[in-house]
Each structure stands twice: as structure tokens, then as C-alpha cells.
Amino acid sequence: SQKIEQNSEALNIQEGKTATLTCNYTNYSPAYLQWYRQDPGRGPVFLLLIRENEKEKRKERLKVTFDTTLKQSLFHITASQPADSATYLCALGRRAYGQNFVFGPGTRLSVLP
Amino acid sequence: DTGVSQDPRHKITKRGQNVTFRCDPISEHNRLYWYRQTLGQGPEFLTYFQNEAQLEKSRLLSDRFSAERPKGSFSTLEIQRTEQGDSAMYLCASRFVDRDDNEQFFGPGTRLTVL
């Protein structure tokens with residue numbers, strides 16, 4: 001069956017360290033993968049997209065990698081800050097015209113001062 | 001504010017009642033999506049529109065759920081004969097289909113509690 005998993009449910013790291021979140025999927029062939037941030041009581045906010053033919057994407061302190069052989073994406077936040085504390089969601093984009101997005105369960109990141 | 005708006009933000013209803021939610025997308029966006037999210041889970045796709053046409057519905061969407069986007073602008077999601085299992089956050093998102101990054105813009109959601 002199709003499945004998307006994101007590392008642990010919660011991740012605690014110390015301020016200034018690099019946070020690494022994983023997104024693993026099975027039985028999907030996404031055309032691209034997105035990462036979103038969600039704060040409590042709010043809708044998700046788009047952060048980055050990476051396509052199937054791209055290995056790595058960067059935006060400021062964020063870096064995303066995509067390995068279609070391993071069926072895995074890694075999301076890194078360097079020099080993490082308490083303001084980065086949130087739930088991070090990965091979403092797979094379907095190849096077909098319909099372009100549904102399938103979301104993972106999310107990882108709740110807490111950056112401790 | 002030119003973001004996606006949803007109304008109401010909270011709805012408490014008794015089992016068996018009908019509820020309707022409204023979503024106003026960003027005005028130039030031609031795609032509109034509805035999702036449901038429960039605690040500790042990611043958003044679950046329900047349905048989406050391209051302009052006024054409903055192009056896809058999730059197989060998980062029962063006959064009690066119906067959505068419309070009559071003029072290709074705002075959309076409504078109706079749940080008939082609500083059940084306790086319908087309690088969730090209902091999220092609306094919109095996007096412009098030709099955007100290269102396929103970014104969806106989400107509204108704040110409507111939190112439904114069925115007693």
C-alpha cells in the first residue's frame with residue numbers, strides 16, 4: 001500500500017544546531033516533493049519544492065534533498081532558532097494532470113534555547 | 001488581506017445536523033482544494049476544482065460530503081448528517097495552476113466539532 005512516513009513524531013534540538021527531518025515514501029512515483037511549515041491552529045505555509053530530476057535545493061537556511069532511488073527526502077534547517085519550532089510536512093505531487101498532493105503526517109520540531 | 005479566507009473559523013454542531021463551510025481563495029487562483037486534517041496527521045485530500053469544475057474527489061469522501069464552486073470564485077463544502085468522526089480541521093487551499101513551484105496557499109481552516 002502507499003505510505004508516507006516522516007521521521008519521528010517530534011524532534012528536539014538545541015538552538016544553533018542543524019535540524020534534519022526525513023520524509024520516506026513507498027509505492028509512489030512523485031513528480032516533485034514539497035515541504036510546508038505549519039504552526040498550531042494555522043494552515044500550512046509552503047517552503048520549498050524539489051523536482052524528481054533535482055538532487056538538492058536551497059533557500060536561505062533551508063536545504064532539501066531528494067533521492068528517488070531511496071524514495072526519500074531530507075529537509076535541513078541550519079543554524080536553527082526557537083522561531084523555527086513548528087510542524088514540518090512533506091507533500092508528494094502526483095505526476096498526473098490532476099496533481100493531487102499527498103501529505104505526510106508531519107514532524108513537530110522544537111528548537112530549545 | 002489578500003490571502004485565503006475561511007468561514008467560520010470554528011463550528012460546533014450536534015450529530016445529525018448539516019454544516020456548510022465557505023472558502024474564499026486568492027482572486028486570481030484557478031485551482032481550489034479542500035483538505036481535512038485531524039490531530040497529529042497531515043492534511044488529507046478531499047476534492048479540488050479547476051475554476052468551477054470539480055475535477056477530482058477522494059474515494060474517502062462519502063456521499064454526505066458535497067462541494068461546489070459555482071462561479072469559479074468562492075467554494076462551499078457541505079457535510080450532511082454529521083457524525084462524530086467528521087470532527088476535524090477543514091482546510092482550503094488555492095493556487096494558480098501555471099506557477100512553477102506549485103505552491104498552495106492555505107487558509108486558516110474551519111475547526112468542526114461534532115458532539
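Predicted model, so just to flag it, every value in this text is computed and none were measured. Letters A, B, ... are given to chains in the order of the sequence lines, protein chains preceding strands, and every chain is numbered from 1. Heavy atoms only: backbone and side chains are in, while hydrogens, waters and symmetry mates are out.
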A.B. asks: Treat each ILVMFWY residue as a node, draw an edge where side-chain heavy atoms are under 4.5 Å apart, and state whether B/Val114 and B/Tyr35 are in one component.
C.D. replies: no
A.B. asks: Around atom CZ of A/Arg61, are there more than 12 heavy atoms of other residues, nucleotides or ligands at under 6.0 Å?
C.D. replies: yes
A.B. asks: Are more than 12 heavy atoms, taken from residues, nucleotides or ligands other than B/Glu28, located less than 6.0 Å from that residue's CD atom?
C.D. replies: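 Result for CD/B/Glu28: enclosed.
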A.B. asks: CG of B/Leu91 to CD of A/Gln38: how many Å apart, nearest 0.5 Å?
C.D. replies: 6.5 Å
A.B. asks: Let me know if B/Arg9 has heavy atoms under 4.5 Å from chain A in its side chain, its backbone, both or neither.
C.D. replies: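 The side chain, not the backbone.
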A.B. asks: Answer yes or no: are there more than 12 heavy-atom neighbours, outside A/Arg37 itself, under 6.0 Å from its atom CZ?
C.D. replies: yes
A.B. asks: Less than 3.5 Å apart, any donor N or O on the side chain of A/Gln34 or B/Glu103 sitting next to an acceptor on the other?
C.D. replies: no
A.B. asks: Is the gap between the ring centers of A/Phe103 and B/Phe45 under 6.0 Å?
C.D. replies: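 For A/Phe103 and B/Phe45, the ring centres are not under 6.0 Å apart.
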A.B. asks: Under 4.5 Å, counting heavy-atom pairs only, tell me which of A/Gly106, A/Gly43, A/Pro105 racks up the most with chain B.
C.D. replies: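 Winner by heavy-atom pair count: A/Pro105.
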A.B. asks: How far does CG of A/Leu89 sit from CD of B/Gln37, to the nearest 0.5 angstrom?
C.D. replies: 6.5 Å
A.B. asks: For B/Asp63, does the CG atom have more than 12 heavy-atom neighbours from other residues, nucleotides or ligands under 6.0 Å away?
C.D. replies: no
A.B. asks: Contact between B/Arg95 and A/Phe46 at the side-chain level, heavy atoms closer than 4.5 Å - yes or no?
C.D. replies: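 Contact flag for B/Arg95/A/Phe46 side chains = no.
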A.B. asks: Tell me whether B/Ile12 at atom CD1 has more than 12 heavy atoms from other residues, nucleotides or ligands lying less than 6.0 Å away.
C.D. replies: no
A.B. asks: Check for me whether the distance between the ring centres of B/Phe106 and A/Tyr36 falls short of 6.0 Å.
C.D. replies: yes
A.B. asks: Is it true that, when you exclude A/Lys57 itself, more than 12 heavy atoms of the residues, nucleotides or ligands shown sit nearer than 6.0 Å to its NZ?
C.D. replies: yes
A.B. asks: Tell me, for B/Pro43 versus chain A, whether the close heavy atoms (under 4.5 Å) come from the side chain, the backbone, both or neither.
C.D. replies: both
